Amino acid sequence: MSQSVGIKDVARAAGVSVGTVSNVINRPDSVATETRARVQSAIDRLGYVRSESARQLRAGRSRIMGLLVLDMGNPFFVDVARGAERAARDAGLGVMVCNSAQSASEEADYLSLFAEQRVRGVLLTPTDASGRNIETFRRHRIPFVLVDRVGDSTTECSVSVDDVAGGALAVRHLVDAGHRSIAYVSGPPGLNQVRDRRTGALNALAEAGLGAENLRELPTERLDVAAGRDAGARLLGLGDRPTAVFCANDLLALGVLQAMYAAGVRVPEDLAIVGYDDIEFAAAAAVPLTSVRQPAVTMGALAAELLLEETEAETGATRHEHRRVVLQPELVVRRSSLSAR
């Protein structure tokens with residue numbers, strides 16, 4: 001394997017000092033035209049590419065922003081990444097997107113990687129319910145913003161959606177349609193989003209004079225379609241099957257829908273389904289899916305803007321105060337929940 005070409009190789013080939021090559025790369029106007037052309041010819045001939053990471057380490061400021069999400073297989077997080085990337089690009093930065101796969105150990109590994117790379121800052125959707133990973137990361141003094149999660153302290157910014165309100169929207173819609181026995185396919189119980197959506201569901205039941213026993217929770221280990229199919233199979237096996245199901249995200253809801261279709265259960269006539277996130281696939285499902293819409297692109301963009309503001313404040317260019325931005329969800333009604341009881 002050939003060795004990479006360094007700045008010393010360029011200087012030797014052009015017959016100039018290393019400092020002159022550095023000036024051609026960083027301050028070309030300070031070098032005579034003939035010398036600049038000779039150095040540039042050597043760069044082109046040798047295929048030299050400057051080390052951006054080394055330049056950033058010397059400057060002390062990276063041009064990379066880290067983004068760590070729960071599941072890049074979920075289109076919701078793809079939209080979050082789109083929003084963050086758009087805001088970062090406008091500021092002349094790039095985004096390193098990583099996927100914790102809902103694993104606390106993988107989350108810890110990626111946070112260590114971000115620290116090693118000295119990224120400008122990190123956008124983080126935590127999966128470690130204990131908070132240990134975040135506390136460890138704080139020691140590196142790298143700014144971070146929580147995404148799709150409300151911060152527990154005033155030491156960082158966060159951008160989230162009011163998931164309690166979102167859960168209430170979903171179940172209030174089902175109650176208004178006449179449903180009194182509702183299943184909640186909830187996902188991993190350690191996630192704040194899962195718990196908040198359940199709280200909202202219970203609030204909506206209480207508003208209607210119904211108790212917690214009217215909500216039957218079916219937890220899953222993951223938030224994907226396969227977990228939804230498994231939950232659908234469990235739902236089919238219940239002796240007193242609920243007439244409606246609220247799912248903690250759309251991937252779970254699509255899995256439940258697949259299980260119902262395979263078993264010959266009609267949606268929405270025999271079972272109404274409501275999801276959460278309103279990903280693109282929700283409207284394109286065999287039975288278009290009612291869902292609670294989260295403004296994912298806006299969430300990613302706002303989080304990136306807060307992070308940029310904080311990193312600029314570190315240079316003294318601006319002032320920054322940590323803020324909790326809470327966006328409001330919206331119910332999008334489609335055919336999967338339209339059968340009146």
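Because the structure is predicted, anything quoted here is derived from the model rather than measured.
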Asker: Starting from V245, can I reach V287 by hopping between I/L/V/M/F/W/Y residues whose side chains sit under 4.5 Å apart?
Answerer: yes

Asker: Once side-chain contact (heavy atoms from CB on, under 4.5 Å) is applied, do any residues pair with T33, and if so which ones, sequence neighbours excluded?
Answerer: R36

Asker: Between E309 and R323, is there a salt bridge with N-O shorter than 4.0 Å?
Answerer: yes

Asker: Following the transitive rule for hydrophobic clusters with a side-chain heavy-atom cut-off under 4.5 Å over Ile, Leu, Val, Met, Phe, Trp and Tyr, establish whether V297 and L146 coincide in one cluster.
Answerer: no

Asker: Would you list the pairs meeting ring-ring contact (aromatic ring centres under 6.0 Å, His included) in which at least one residue belongs to residues 234-256, sequence neighbours left out?
Answerer: Y184-F246

Asker: Determine whether L124 and V147 make a side-chain contact, defined as any pair of heavy atoms from C-beta on separated by less than 4.5 Å.
Answerer: no

Asker: Does A14 offer a backbone N or O that forms a donor-acceptor pair with the side chain of R38 under 3.5 Å?
Answerer: yes

Asker: Could you please spell out the steps behind the side chain to side chain donor-acceptor pair (under 3.5 Å) verdict for S158 and S160?
Answerer: CA-CA 6 Å; S158 65; S160 61; 5.2 Å; no

Asker: Does atom CD (E135) have a neighbourhood of more than 12 heavy atoms from anything else shown, all under 6.0 Å?
Answerer: yes

Asker: Considering only distance and modelled atom types, tabulate donor-acceptor pairs under 3.5 Å from the side chains of residues 276-285, sequence neighbours left out.
Answerer:
residue : atom : partner : partner atom : Å
Y276    : OH   : D163    : OD1          : 2.8
D277    : OD1  : Q294    : NE2          : 2.6
D278    : OD1  : R334    : NH1          : 2.9
D278    : OD1  : R334    : NH2          : 3.0
D278    : OD2  : R293    : NE           : 2.7
D278    : OD2  : R293    : NH2          : 2.9

Asker: Is there side-chain contact between L252 and L223, with heavy atoms separated by less than 4.5 Å?
Answerer: yes

Asker: Does any non-hydrogen side-chain atom of L68 lie less than 4.5 Å from one of L123?
Answerer: no

Asker: Nearest 0.5 angstrom please: T125 OG1 to Q102 CD, how far?
Answerer: 11.0 Å

Asker: Heavy-atom count check: over 12 atoms from other residues, nucleotides or ligands less than 6.0 Å from E321 CD?
Answerer: no

Asker: Could you see if L307 belongs to whatever hydrophobic cluster contains L327? Use Ile, Leu, Val, Met, Phe, Trp, Tyr and a side-chain cutoff under 4.5 Å.
Answerer: yes

Asker: Side-chain contact, heavy-atom cut-off 4.5 Å: L113 with D109?
Answerer: no

Asker: Specify the closest pair of heavy atoms between A13 and L46, including all atoms of both residues, with the distance to one decimal.
Answerer: CB-CD1, 3.9 Å

Asker: Under the side-chain contact (heavy atoms from CB on, under 4.5 Å) test, which residues partner D128, sequence neighbours left out?
Answerer: A104, E107, S130, R132, N133

Asker: Rounded to the nearest 0.5 Å, what separation is found between the CD atom of E213 and the OG atom of S181?
Answerer: 10.0 Å

Asker: Evaluate side chain to side chain donor-acceptor pair (under 3.5 Å) for T290 paired with H173, printing each intermediate quantity in order.
Answerer: CA-CA 10 Å; T290 294; H173 167 68; 4.6 Å; no

Asker: According to a 4.5 Å side-chain heavy-atom criterion applied to Ile, Leu, Val, Met, Phe, Trp and Tyr, with indirect links allowed, do V274 and Y261 form part of one hydrophobic cluster?
Answerer: no

Asker: Taking R197 for the side chain and V164 for the main chain, is one N or O donor matched with an acceptor at less than 3.5 Å?
Answerer: no

Asker: Where is the tightest heavy-atom contact between L306 and V325, given as atom of each residue plus distance?
Answerer: CD1-CG2, 4.1 Å

Asker: Check for me, please, whether V326 and V292 land in the same ILVMFWY cluster - side-chain distances under 4.5 Å, paths through other members count.
Answerer: no

Asker: Could you give the distance from OG (S337) to CG (L174), rounded to the nearest 0.5 Å?
Answerer: 6.5 Å

Asker: Considering only residues two or more places apart or on different chains, which pairs with a residue in residues 240-261 satisfy salt bridge (Lys or Arg N to Asp or Glu O under 4.0 Å)?
Answerer: none

Asker: When you measure from the side chain of S100 to the backbone N and O of V69, does any donor-acceptor pair fall under 3.5 Å?
Answerer: yes

Asker: Starting at CZ of R198, measure out to CD of Q193 and round the result to the nearest 0.5 Å.
Answerer: 15.5 Å

Asker: According to salt bridge (Lys or Arg N to Asp or Glu O under 4.0 Å), does anything in residues 219-236 pair up with another residue at least two apart or in another chain? List the pairs.
Answerer: R222-D224, D230-R234

Asker: Side chains of P242 and I182: closer than 4.5 Å at any heavy-atom pair?
Answerer: no

Asker: Side chain to side chain donor-acceptor pair (under 3.5 Å) between E217 and S186: does it pass, once the steps are laid out?
Answerer: CA-CA 7 Å; E217 187 167 358; S186 61; 2.9 Å; yes

Asker: What residues form a side-chain contact (heavy atoms from CB on, under 4.5 Å) with V18, not counting sequence neighbours?
Answerer: I7, K8, A11

Asker: Which residue pairs satisfy the ring-ring contact (aromatic ring centres under 6.0 Å, His included) criterion with at least one member in residues 86-116, sequence neighbours excluded?
Answerer: none

Asker: Under a 4.5 Å cut-off applied to non-hydrogen side-chain atoms, are L331 and V333 in contact?
Answerer: yes

Asker: According to the salt bridge (Lys or Arg N to Asp or Glu O under 4.0 Å) rule, which pairs have a member within residues 10-20, sequence neighbours left out?
Answerer: D9-R12

Asker: Can you check whether G92's main-chain N or O pairs, donor with acceptor, with R63's side chain at less than 3.5 Å?
Answerer: yes

Asker: When you compare the side chain of I142 with that of V119, does any pair of heavy atoms fall below 4.5 Å?
Answerer: yes

Asker: Applying salt bridge (Lys or Arg N to Asp or Glu O under 4.0 Å), which residue pairs with at least one partner in residues 88-101 are found, sequence neighbours left out?
Answerer: E85-R89

Asker: Drop me the distance from Q328's CD to L169's CG, to the nearest 0.5 angstrom.
Answerer: 8.5 Å

Asker: Any sub-3.5 Å donor-acceptor pair from T220's side-chain atoms to A227's backbone N or O?
Answerer: no

Asker: Name every donor-acceptor pair, under 3.5 Å, that has one atom in a side chain of residues 76-84 and the other anywhere in the protein, sequence neighbours excluded.
Answerer:
residue : atom : partner : partner atom : Å
D79     : OD1  : R82     : NH1          : 2.8

Asker: Under a 4.5 Å cut-off applied to non-hydrogen side-chain atoms, are V161 and P295 in contact?
Answerer: yes

Asker: At what distance, to the nearest 0.5 angstrom, does CG of L111 lie from CZ of F144?
Answerer: 9.0 Å

Asker: Which residues pass the side-chain contact (heavy atoms from CB on, under 4.5 Å) test with A208, sequence neighbours left out?
Answerer: V175, L210

Asker: Assess the residue pair Q40 and D44 against the criterion (side chain to side chain donor-acceptor pair (under 3.5 Å)); give the C-alpha distance rounded to whole Å, side-chain angles, the decisive distance to 0.1 Å, and a yes or no.
Answerer: CA-CA 6 Å; Q40 189 60 54; D44 294 341; 3.1 Å; yes

Asker: Show the numbers, then the answer: is there a side chain to side chain contact (heavy atoms under 4.5 Å, CB included) between V39 and V31?
Answerer: CA-CA 10 Å; V39 171; V31 182; 5.9 Å; no

